[in-house]
Amino acid sequence: MSQYHAPLAEMQFVLNELAGLAQISQLPGFGDATPDTASAILEEASKFATDVLDPLNIVGDREGARRQDDGTVTMPPGFKDAYRQYCANGWMGFAKNPEYGGQGLPQLLATAVEEMWHSSNLAFDLCSMLTQGAIEAIELRGSDALKQKFLPNMVAGVWTGTMNLTEPQAGSDLAAVRARAVPQGDGTYKLYGQKIFITYGDHDYTENIIHLVLGRTPEAPEGVKGISLFVVPKVLVNDDGSLGARNDVHCVSLEHKLGIHASPTAVMAYGDHGGAVGYVVGEENRGLEYMFIMMNLARFSVGMEGVGVAERAYQRAVAYARDRVQGKPVGLDKGVGAAPIIEHPDIRRMLMTMRAQIEAMRAVAYVTAAAMDNAGRHADAEARQRHQAFAELMIPIVKGCSTEIAQELTSLGVQVHGGMGYIEETGAAQHFRDARITTIYEGTTGIQANDLIGRKTARDGGATARAVAGEIGKVAAELSAHADLSLKAIGARLAEAAVALGTAIDWMVPAVGSRPRAAQAGAVPYLRLWGLLAGGWQMSRAALIAAGHLRDGAGDPAFMKAKIATARYYAECLLPQAAGLTVAITEGGESVLGLAAEQF
Ligand SMILES: Cc1cc2nc3c(=O)[nH]c(=O)nc-3n(C[C@H](O)[C@H](O)[C@H](O)COP(=O)(O)OP(=O)(O)OC[C@H]3O[C@@H](n4cnc5c(N)ncnc54)[C@H](O)[C@@H]3O)c2cc1C
């Protein structure tokens, strides 16, 4: 049976060499995040992931969270104790504001740690992820009173948080939210309505749960401009901080679903017994705007879920491929009999595809996390703005592409196992099922792609997109001029793909305004093209750095050679897809829309 081990050497390489952890640790307030401290933190996190969370992953899948007859929700065996340890070790407040008890560490480091939680037990980590989102919303726009009342306990994990956006008629389109919030004249509101699909809407980890809820006040305008954000605790909190009466918010059922069985996905009823007491966050009617500020981080985190689950699927596939003996591999010595399947070229192709895409996605995500840190704290205003624009461009790519690729890679993980992959006991199928949600929640892939073509590409006339494409072109030129033949080959493929990306940007920028249906028809291929290129860019940078280390005798030579070999695989076997995607983007619109709706 495979056991999860965090890929520490790889994580350190990406943190230090590609994402620039040393520079991030120079930013104000991040002085503790030196590469040495980071290394110790990653070691600690990896132990918790391997020893505590990974063994519980399969338990959670089999047992699931359960709603009992008395309406309480119980978590699978072992989860409550793991949650207690998680909070005691300070992981909940890892990247949160020290003012409320957090450790204030950079997003870059939090990203690497978070990857381990996603790999070892995605369903467990969702509680923390949603709590972080709720903390962020209150911290960004809540009043001081709300912050003081709720944040310290949330940052410590004494109370958890949820995000209540979705209603039966309001999924991707939150303008359709109908939950009502009626002012009571004393600064509080009473909420009424139903929310569906609420992650960790109820559980037995903590006594209180702080729900963040989107709703409308009676006089609010229609559409997105009339939505407000409310804090609605499960149990009311007295002024002295003690717990008071039970609030009128109840989990009325849990969904039965394909994966992440240990994550309770709740239908929540607000106000069935007189009204749920709530407190507005910031100003009325600006709730959606606040949500979008924090949604960037939530979307990024879901992208990391894709990386994390794919990594776990890869590790399991490698372990099985080394162990399973079947068939004589072609082209090896005549004397070799049946051998482990890892010797078959097609198994190698699958493992290489998994490895290369995971490394690429990880690098893109960590580099984006570093940009988020710089956007918040860099001393130079122009640099802050540049990093912000880069992070905003990359977030739908991290979310959309990492999660889509995770579907393919967890499926390959099953394929490597043959029939045993389809049988639940190997665990490969769980990764495939768990990964499936990641392209759906926090905005589906289609919604990410629309964001990428509109707000992130066309709105500034393509300036940010072209600037990043230009950087990719520079790396391609540097590689192409290299004496080493492997690097030269990578450079040639990256240069071709970069031309394809340029063509796609040039087509997309005007099309968003002049041919919006054709632009949206090509939006997901455009997203995939960006993911492919962003990954190729980072793999190429990694290859250049690895070649430099080999020349200088720095680092582990086997690791550096593997970096170059993996980057070359990415360049030769994956990057050529860029040309095809560009045809689909620039020419596919008409055929996508070629049939009338009734012809389907
Ligand atoms: C397990 C799970 C956990 C969840 N957790 C939470 C949570 O904690 N809090 C919460 O509030 N919600 C949560 N959700 C809800 C989730 O965010 C929504 O399911 C998601 O946003 C999609 O909305 P929908 O299901 O209504 O699909 P729809 O919006 O009906 O979408 C259906 C299809 O239409 C496409 N589509 C819709 N509009 C467009 C458009 N404008 N352009 C192109 N394509 C479009 C979509 O891409 C999708 O393919 C969760 C859902 C699940 C399944």
Side-chain angles (χ1 to χ4, degrees), residues 60-61 64-65 73 122-123 125-134 136-137 160-179 193-203 209-215 224 227 229-230 232 249 251 253-268 270 287-288 290-292 294-295 298-299 301-302 305 309 396 399-400 403-404 407 433-455 512 516-527 589 592-593 597:
D61 188 52
V73 172
L122 175 59
D125 188 49
L126 286 175
C127 181
S128 164
M129 219 195 92
L130 271 296
T131 304
Q132 314 273 341
E136 183 104 345
T160 65
T162 68
M163 306 301 298
N164 292 238
L165 288 65
T166 308
E167 298 177 12
Q169 77 297 343
S172 299
D173 180 14
L174 291 171
V177 159
R178 280 194 208 137
Q194 192 191 61
K195 294 285 176 180
I196 61 167
F197 298 157
I198 304 309
T199 299
Y200 277 88
D202 210 348
H203 57 75
I209 302 173
I210 312 305
H211 303 290
L212 273 276
V213 186
L214 287 183
V224 289
I227 296 174
L229 181 63
F230 299 90
V232 184
V249 43
C251 161
S253 66
L254 290 187
E255 304 294 354
H256 298 274
K257 54 195 192 296
L258 183 65
I260 52 167
H261 291 157
S263 168
T265 305
V267 176
M268 303 296 295
Y270 286 84
L288 213 56
Y290 303 156
M291 266 305 173
F292 272 101
M294 48 146 295
M295 223 180 253
R299 289 181 167 177
S301 289
V302 176
E305 291 178 11
V309 179
K399 161 49 165 112
T403 61
E404 286 290 337
Q407 310 309 312
R433 290 184 289 99
D434 282 354
R436 193 63 195 84
I437 185 59
T438 59
T439 61
I440 296 171
Y441 56 22
E442 286 300 341
T444 61
T445 307
I447 296 298
Q448 304 304 319
N450 287 349
D451 181 43
L452 180 65
I453 64 169
R455 292 198 308 147
V512 168
R517 285 183 69 75
Q520 288 206 359
V524 168
Y526 180 75
L527 177 86
V592 168
L593 300 167

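Each ligand, and each atom within it, is numbered from 1 in the order the structure gives. Here, residue 1 is the first one in the sequence, and each next residue gets the next number. Heavy atoms only: backbone and side chains are in, while hydrogens, waters and symmetry mates are out.
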Original post:
When you measure from atom 24 (P) of ligand 1 to each heavy atom in A266, G201, A449, G171, which option holds the nearest one?
Top reply: G171

Polar-atom distance check: [X] versus ligand 1, any N or O pair below 3.5 Å?
| X | answer |
| --- | --- |
| N450 | yes |
| F197 | yes |
| T265 | no |
| L165 | yes |

**OP:** Check for a donor-acceptor pair, side chain of Q407 on one end and backbone N or O of A435 on the other, with a separation under 3.5 Å.
**Re:**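 Flag set: sc Q407 to bb A435 pair under 3.5 Å.
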
Subject >> Contacts of type salt bridge (Lys or Arg N to Asp or Glu O under 4.0 Å), residue E404, not counting sequence neighbours >> reply: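 Listed in chain order: nothing, the list is empty.
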
**OP:** Go through the structure and list residues passing side-chain hydrogen bond (donor to acceptor under 3.5 Å, both in side chains) with D434, not counting sequence neighbours.
**Re:** Q430

I need the nearest protein heavy-atom contact for [atom]: residue, atom name and distance, please.
| atom | value |
| --- | --- |
| atom 28 (P) of ligand 1 | S172 OG, 3.7 Å |
| atom 10 (C) of ligand 1 | T166 OG1, 3.3 Å |
| atom 41 (N) of ligand 1 | I447 CD1, 4.0 Å |
| atom 9 (N) of ligand 1 | M163 O, 2.7 Å |
| atom 49 (O) of ligand 1 | T444 CG2, 4.6 Å |
| atom 53 (C) of ligand 1 | I437 CD1, 3.3 Å |
| atom 21 (O) of ligand 1 | I440 O, 4.0 Å |

Original post:
Any protein heavy atom under 4.0 Å from atom 44 (N) of ligand 1?
Top reply: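 So far as the 4.0 Å threshold goes, atom 44 (N) of ligand 1 is out of reach of every protein heavy atom.
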
**OP:** Within a distance under 4.0 Å of any heavy atom of T199, pick out the atoms of ligand 1 and give their elements.
**Re:** 3 (C), 4 (C), 5 (N), 6 (C), 7 (C), 8 (O)

Subject >> Test item, E442 contacting ligand 1 (heavy atom, 4.0 angstrom) >> reply: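 A heavy atom of E442 does come that close to ligand 1.
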
